[in-house]
Number of protein chains: 2
Amino acid sequence: MKKKLTLKQIAKELDVSVSTVSKALRDSVEISEDTRQKIKAFAKLYNYKPNNIALSLKNKKTKTIGVIIPEIVHHFFTTVISGIEQVANKRGYNVIICMSNNSFDKEVINMEMLANGSTDGFILSVAKETQQRGDYHHLLEVINQGMPLVMFDRVIDEIECDKVIIDDTIGAREAVQHLIDIKCKNIALITTVDYVSVGKLRTQGYHEALVHNNMKINDDLILKVEDFDHSEEEIRKFLSGKDIDGVFAVNEHFAIYAIKAFHENGLRVPQDVSVVGFTNGELSKQFIPSLTTVSQHGAEMGAQAARLLIKKLENDEGEEEPYETIIVETSLIERNSTKR
Amino acid sequence: MKKKLTLKQIAKELDVSVSTVSKALRDSVEISEDTRQKIKAFAKLYNYKPNNIALSLKNKKTKTIGVIIPEIVHHFFTTVISGIEQVANKRGYNVIICMSNNSFDKEVINMEMLANGSTDGFILSVAKETQQRGDYHHLLEVINQGMPLVMFDRVIDEIECDKVIIDDTIGAREAVQHLIDIKCKNIALITTVDYVSVGKLRTQGYHEALVHNNMKINDDLILKVEDFDHSEEEIRKFLSGKDIDGVFAVNEHFAIYAIKAFHENGLRVPQDVSVVGFTNGELSKQFIPSLTTVSQHGAEMGAQAARLLIKKLENDEGEEEPYETIIVETSLIERNSTKR
DNA sequence: TTGTAGGCGTTATCAA
DNA sequence: TTGATAACGCCTACAA
């Protein structure tokens, strides 16, 4: 077992000084062609690689990006990570991923852990609990220390930083408009409780679409699911006995539970009821009927977030740039859960 | 914007030496109660946190684990990561995740990047391309440098290291046995090409189950999918016109494509054909009919891998321990794609 | 052309 | 009880 080679060892081996080795390896003109070759050959032979940690300490840069997401077992976040990885790796950055599991405490702990030198900046989608509590001290602290922070998807308006979002409201509006276009009259909304920012925005899009088409909003047709773990139950109860010909659900699971509930009641999708979901996951593609859905282009969001962050990181010396908010367009993907 | 506080700054501020500060903060008895309190109060007030990078350099430990997986957009790997995160975080380790995207080159680059000081050890599921090429120099090198490596799921027999696997063969055998138990006579296998280790093993399980029940193996009933991206096509063609009453597919996608193909041919699942998949993903749960499948217990695998790795890391000083291979049991989850 | 010295932030050892 | 020094691995300004 040969331990990692260091400059010092090379220097001793070749009987030169450490700085000579360092310079030679960086192709400094200060060093004679001769020794330079000798040193480089030796380094190559023994596969010398500089130690990242030492470099980080010296440069005060770690070249890594910290990503904190609420949950990974969720196709959307998975695609976002792919997007981040892509551009980060291309630009020479590592990616550290931590999960908050939607817990405020875990989010804080993870951020503090990473903020102590492990990363140069953060990409974050805020935990549900954090949104609920409205306690953002950890975010402010990180920003205050001069670490760039990019928020995506679940963002916090009050915090000033770069953001990558989709226009949830417009996405939802288009989804509902689609239902209206195919002649749905009684359109139900299955959404989350309001403190989840995206749920709230999508709910708003639903409202806007109805108002825009002079349809009245019937609160009986709106379900705000309290508990994700029992959403299937809640949805089944909500739907039973209601006269509905269209459903807009704010995620794919809700959409599928709705379809299942309809099936149980002898209703056919899309012949009797049309259903639109949100998030273009594997489920939406493979379910029968496949789901018409609002695609959030997660990889694109991740890529944009990474670009934004790296831009801030590499601009560090320069002038203060204003914060940006990038809105990634959604697109409605029509499949078989809605009539034509 | 206040930059991060360092020992040096505290020392200057309080007019003591750096080492006094260091000791005080670590509650050394060397320091008088008085100054200790003073220093700790100050540190707390300004929220001092030691710099991880400096600690890493000093201790030659990063307290982070590098995880390299072929693809994250895959429910199984996602659950494994959850498992790793859980135990790693609990024991004070960070987790860096990189994706190889099943590319040999990316796997090598990621490993080299992380091996240069960024991580203390690796948890890895090998890229498809790596298995195909049989080039493992990067793995050997890492091991050679004394960095512990734990492989999971897609492992390489020739490499000596800790491993966490499921018994793919037994899992497959049980799946096929289940089909036999419910009186299937013509059982097809939809698997991958042989260089994917898990595909090969599951194929073997299929063989064993048939042999064990004195059924003959009919190569016409075996499909080795070449190209994942066109698997749906391949499967449809393969299945058409064949007299089949049971299918064992080595992943959930293949299983679903099979079901879809049967539907197109007017066959009902499970009444006319029973289908068993592998991997208990979201698709298996939500698809209609829901899939009978072999669950791999990904989170459990991840947790075991992390435990194994941390054990090696923390035993560093001690005696050489032999390598372990942990076999996580699979379990057959019966749902609606197979008759009772 | 090469080497020395200092520093990044921390801790351990030894001296005062 | 406190402080100075060296070290982790690397880089760079400056001296030789």
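As the structure is a computational prediction, the values presented were derived from the model and not from experiment. Throughout, a chain's letter reflects where its sequence line sits, starting with A, and its residues are numbered from 1.
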### Task
Using atom CD1 of A:I31 as one end and atom C1' of D:dA16 as the other, report the distance to the nearest whole Å.
14 Å
### Message
So, OP1 or OP2 of D:dC11: does either fall under 4.0 Å of a side-chain N or O from A:S22?
### Response
yes
### Task
Report yes or no: is there a donor-acceptor pair, N or O only, under 3.5 Å between the side chain of A:K23 and the base of C:dG3?
yes
### Message
Looking only at side-chain N and O atoms, does B:T20 offer a donor or acceptor that is under 3.5 Å from a partner on B:S17?
### Response
yes
### Query
If you look at every strand shown and take non-hydrogen atoms under 4.0 Å, does A:L7 touch a base, only sugar-phosphate, or nothing?
sugar-phosphate
### Task
Scan A:L57 against the nucleic acid and name what it touches under 4.0 Å (heavy atoms): base, sugar-phosphate only, or nothing.
base
### Message
Rounded to whole Å, how long is the line connecting atom CD of B:Q37 with atom C1' of D:dT1?
### Response
15 Å
### Message
Is a donor from one side chain sitting under 3.5 angstrom from an acceptor on the other, for A:E107 and A:N101?
### Response
no
### Donor-acceptor pair between B:Q9 and B:E13 side chains, under 3.5 angstrom
no
### Query
Would one find a side-chain N or O of B:R26 under 4.0 angstrom from OP1 or OP2 of C:dT10?
no
### Task
Could you tell me the separation between the CD atom of B:Q9 and the C1' atom of C:dC8, rounded to a whole number of Å?
12 Å
### Task
Kindly indicate whether the side chain of B:S17 and the base of D:dT2 share any N or O donor-acceptor pair separated by less than 3.5 Å?
no
## Note on the structure
A:K58 has its side chain closest, among C:dT13, D:dC10, C:dT11, to D:dC10
### Task
Examine distances only and state if a side-chain atom of B:N315 and a backbone atom of B:K311 form a donor-acceptor pair shorter than 3.5 Å.
no
### Query
So does A:K8 get a side-chain nitrogen or oxygen closer than 4.0 Å to the phosphate oxygens (OP1/OP2) of D:dC8?
yes
#### Entry: Residue whose nearest DNA chain C nucleotide is more 5′ - A:K60 or A:E30
A:E30
#### Entry: Separation of atom CG in B:N59 from atom P in D:dA7, rounded to whole Å
17 Å
### Presence of salt bridge, A:E324 and A:K163, under 4.0 angstrom
no
#### Entry: D:dC10 OP1/OP2 closer than 4.0 Å to side-chain N/O of A:Y48
yes
### Query
Of the nucleotides D:dC11, C:dT10, C:dT2, which has the atom closest to the A:S32 side chain?
C:dT2
### Query
Which one, C:dG3, D:dC10, C:dG9, comes nearest to the side chain of B:A54?
C:dG9
### Message
I want to verify a distance call: between C:dT4, C:dG9, D:dC11, whose nearest atom is closest to the A:S19 side chain?
### Response
C:dT4
### Query
Any side-chain donor paired with an acceptor under 3.5 Å for B:N116 and A:K4?
yes
### Query
Base, sugar-phosphate, or nothing: which does B:V16 touch, judged by heavy atoms less than 4.0 Å apart?
sugar-phosphate
### Query
How close or far is atom C1' of C:dG9 from atom NZ of B:K12, stated in whole angstroms?
15 Å
### Query
Under 4.0 angstrom, heavy atoms only, what part of the nucleic acid is B:T6 near: base, sugar-phosphate, or nothing?
sugar-phosphate
### Query
Starting at CG of B:D27 and ending at P of D:dT1, how long is that distance when rounded to a whole Å?
14 Å
### Task
Using whole Å, report how far CG of B:D34 lies from P of D:dT2.
8 Å
#### Entry: Nucleotide D:dC10, atom C1' - distance to CD1 of A:I10 in whole Å
12 Å
### Message
Can you identify which nucleotide, out of D:dG3, C:dG9, D:dC10, has its nearest atom closest to the B:N51 side chain?
### Response
C:dG9
### Message
Does A:S56 reach a base, just sugar-phosphate, or nothing at all? Heavy atoms under 4.0 Å.
### Response
nothing
